2 protein chains.
Amino acid sequence: MRKTSIKDVAKKADVSIAAVSQILNNKGQRFSKHTIEKVLQARDDLGYVPNSAARNLKGTSNRLIGIIVPSFRMPFFADIIQSMQDNAPADVNLVFLGSTDDNLQSTIYSLVERGAQALIFGKPIPNRAEVNEFLKKRHIPYLVLDQNADINAQDMVQTNEFTGGSLVASHLLSLGHRKIALILPNKLTDNMRQRRAGFLDTLSTSNLSPTTIITTTLSKHGGLAAVHQLIQSESTAAFVLNDEMAIGVLRGLAYQNINVPADMSIVGYDDTDYAEFMIPTLTTVMQPVLEIGKAALNMILRRLDHPNLPFQTAFFDVKLVVRESTGPIKR
Amino acid sequence: MRKTSIKDVAKKADVSIAAVSQILNNKGQRFSKHTIEKVLQARDDLGYVPNSAARNLKGTSNRLIGIIVPSFRMPFFADIIQSMQDNAPADVNLVFLGSTDDNLQSTIYSLVERGAQALIFGKPIPNRAEVNEFLKKRHIPYLVLDQNADINAQDMVQTNEFTGGSLVASHLLSLGHRKIALILPNKLTDNMRQRRAGFLDTLSTSNLSPTTIITTTLSKHGGLAAVHQLIQSESTAAFVLNDEMAIGVLRGLAYQNINVPADMSIVGYDDTDYAEFMIPTLTTVMQPVLEIGKAALNMILRRLDHPNLPFQTAFFDVKLVVRESTGPIKR
DNA sequence: TTTGAAAATGGAAGCGCTTCCAGATTAATT
DNA sequence: AATTAATCTGGAAGCGCTTCCATTTTCAAA
């Protein structure tokens, strides 16, 4: 039951192994039509598929990029993945892996073992220094889709999170809101911190700060669970740090017969697919996710081809998308 | 810039290659404490990670399973992927790939080339016969997450789609609806066909058939676009073949100020995460997606271990989940 | 000491493939 | 017919690793 190997093909076609290899790799101009025919025929008869392990062993392996995301179920990452996959050149292989903080190390290890030549992380790395050392030692470039302290230490893809948060605040202020709640996930990425910072900064220019800051899990259920506190706070608006949670908040408010936006304005972040389908449609901040995924991939490919180029940062602007879930304060 | 290989470690530790190999694979009981120490030290110093290509070459490779889905963005598949990933034994490697009908062939090929030992398809295979021959010839078992004509030709995971459709019809009928629309995606899987069949079958026992059958794209936007026709049909209820589309329908109806369920009842299918967060919450049919993913994976692993066992079919029941989007007919 | 088994280690083959190089065959040119 | 050049093909090394087996070293018991 052994897999058919190049040897089998060679024997069947009655030519040398070398001939088979070259002919099947289109480097066989130097062979006669007849030989080529025999080889192709034998391959098809035997159903031969070259073993890429053996092939890669030789050196010029295909480029393999590992992409590590926290979850496949979050729209943001689903989009990233899809966009990378759609934009990957044919000779590049992408391997997607989900990973919790716990098994990050082993995930990275298995990717490296598999011959990944570069990695892209969808979220911050907990033990950054350690991982950095591990990868640097092996000359494996990587890239983190999150703000990063050291712009000169590696390539980066950034979005203007601070501005994003700020836009939200301005929008709500301009609608007359003064009592604004802030709903955060219990684990913040750097991106989210910036988002928050921008929001708080702009509020403070009006001498305001959030009426309440609610911390909850990063999920629709988390948003739902935050509603109780939100109502207690008597705010007239809330900035929910991402759309997933915002969807939960919308749902929770509806259960309490609190009308959005008449009684309460809600703003999300990410502009996932679902935002424009909510009832009411969700005001949110758009990040060009597809572009981000594409840029990250291209950047890391560029790095592979030119390991010594200076580090680069791709910068993306965000945009406030005003929809139905925000409105002027009720008087 | 060559990657450090076992040879480098051996030299550095001043032992043989064989010793390094065995020690690092925990088959080194026969070595002295001292030697083991040296080797581990050398490995760490050099940052050595064994090359799995070379390792697999030898034969007993790690089990690699390829999973092909149409899209990473559809909640149904995101869930499947997540559940497989969460349930995969440590020694099993999963590779997820998105694929359109067009590049299916090459996707399969690249997976086989990589040494995939089994495949799982998330959706029907267009040119089934051809693919079947290709994979059979290479002794690569596969499994399709869709109903399948030939229960004796391969393992299968099935859900009771017919019953699912039937449950929807019964539910709507019991609420008094007689004018019921059916909204389909323009490409049906076998599963969906069964779903439809169950629905139509039950309707017909009341001598009914859908007031209208609307065909649209399989997406939220598709659902939204179907609303116009739906309204024209003067139906009092609609069965939308999956939640994604149903979300679009809900949104579209809201735009037209048509109240759900007072003016129109809506039923989806899949019970994705979002169903219970819609406003109104969406009545839908629950498939145990996580279980399905897990079962599919286990089944294919079992097949790998025991290629000659008789084919098996895992069968899952579905459940109607009644929520706010359906209600008694208005009189 | 001698002896023999147990413990420790390295040599070398081989996994499937690519690639360099030399050898063989054929065709083209005097 | 002789020589050269062009065309065609196979041998063999080597990629990084595992594994079988032979060899060497150690150590306790005789």
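Chain identifiers are assigned alphabetically (A, B, ...) following the order of the sequence lines, protein sequences preceding nucleic acid strands; residue numbering begins at 1 within each chain. All of these numbers come straight from a predicted model, not from anything done at the bench.
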- prompt: Between Lys11(B) (NZ) and dG16(D) (C1'), how many Å, whole number?
  reply: 14 Å
query: Sequence neighbours excluded, which residues qualify as salt bridge (charged side-chain N to carboxylate O under 4.0 Å, His left out) partners of Glu133(A)?
result: Lys137(A)
query: Roughly, in whole Å, what's the span from CD in Glu113(B) to C1' in dG16(C)?
result: 13 Å
statement: Applied to residues 9-26 of chain B, the side chain to side chain donor-acceptor pair (under 3.5 Å) test, sequence neighbours excluded, yields Gln22(B)-Arg30(B), Asn25(B)-Arg55(B)
message: Of the listed nucleotides (dG16(C), dT19(C), dT18(D)), which one gets closest to any side-chain atom of Ser21(A)?
response: dT19(C)
message: Going by salt bridge (charged side-chain N to carboxylate O under 4.0 Å, His left out), name the residues that satisfy it together with Asp146(B), two or more places apart in sequence or in a different chain.
response: none
field: Length of the line joining Asp8(A):CG and dC15(C):P, which is rounded to integer Å
entry: 11 Å
Contacts under 3.5 Å, N or O only, protein and nucleotides 4-10 of chain D:
from	atom 1	to	atom 2	distance (Å)
dC8(D)	O5'	Arg30(A)	O	3.4
dT9(D)	OP1	Ser32(A)	OG	3.3
dT9(D)	OP1	Thr35(A)	OG1	2.6
dT9(D)	OP2	Ser32(A)	N	2.8
dT9(D)	OP2	Ser32(A)	OG	3.4
dT9(D)	OP2	Thr35(A)	OG1	3.1
dT9(D)	O4	Arg30(A)	NH1	2.2
dG10(D)	OP2	Ser16(A)	N	2.9
dG10(D)	OP2	Ser16(A)	OG	3.3
dG10(D)	O6	Arg30(A)	NH2	3.2

task: State whether the number of non-hydrogen atoms from other residues, nucleotides or ligands found under 6.0 Å of Lys136(B) atom NZ is greater than 12.
output: yes
statement: Whole-Å distance, Arg43(A) CZ to dG16(C) P, equals 19 Å
- prompt: Between Arg303(B) and Asp155(B), is there a donor-acceptor pair closer than 3.5 Å when you use the side chain of the first and the backbone of the second?
  reply: no
task: May I ask you to verify if any side-chain N or O of Asn51(A) is less than 4.0 angstrom from the OP1 or OP2 atom of dC15(C)?
output: no
Scan the side chains in residues 39-50 of chain A for donor-acceptor partners under 3.5 Å anywhere in the protein, sequence neighbours excluded, and list what turns up.
from	atom 1	to	atom 2	distance (Å)
Gln41(A)	NE2	Asp45(A)	OD1	3.0

field: Gap between atoms CG and P, on Leu46(B) and dG16(D) respectively (whole Å)
entry: 14 Å
- prompt: CD1 of Ile23(B) versus P of dG10(C): gap in Å, rounded?
  reply: 9 Å
- prompt: Whole-Å distance between dC17(C) P and Asn26(A) CG?
  reply: 16 Å
query: Counting side-chain heavy atoms from C-beta on, which of dC17(C), dC15(D), dC17(D) comes nearest to Lys7(B)?
result: dC15(D)
- request: Scan for salt bridge (charged side-chain N to carboxylate O under 4.0 Å, His left out) pairs involving residues 85-96 of chain A, sequence neighbours excluded, and state none if there are none.
  value: Arg63(A)-Asp91(A)
message: Between Lys27(B) and dT19(D), is there a contact of a side-chain N or O with OP1 or OP2 at under 4.0 Å?
response: yes
statement: Leu24(B) atom CG is separated from dG16(D) atom P, nearest whole Å, by 16 Å
task: Look at Asn25(A) and dT18(C) and indicate whether a side-chain polar atom (N or O) is within less than 4.0 Å of OP1 or OP2.
output: yes
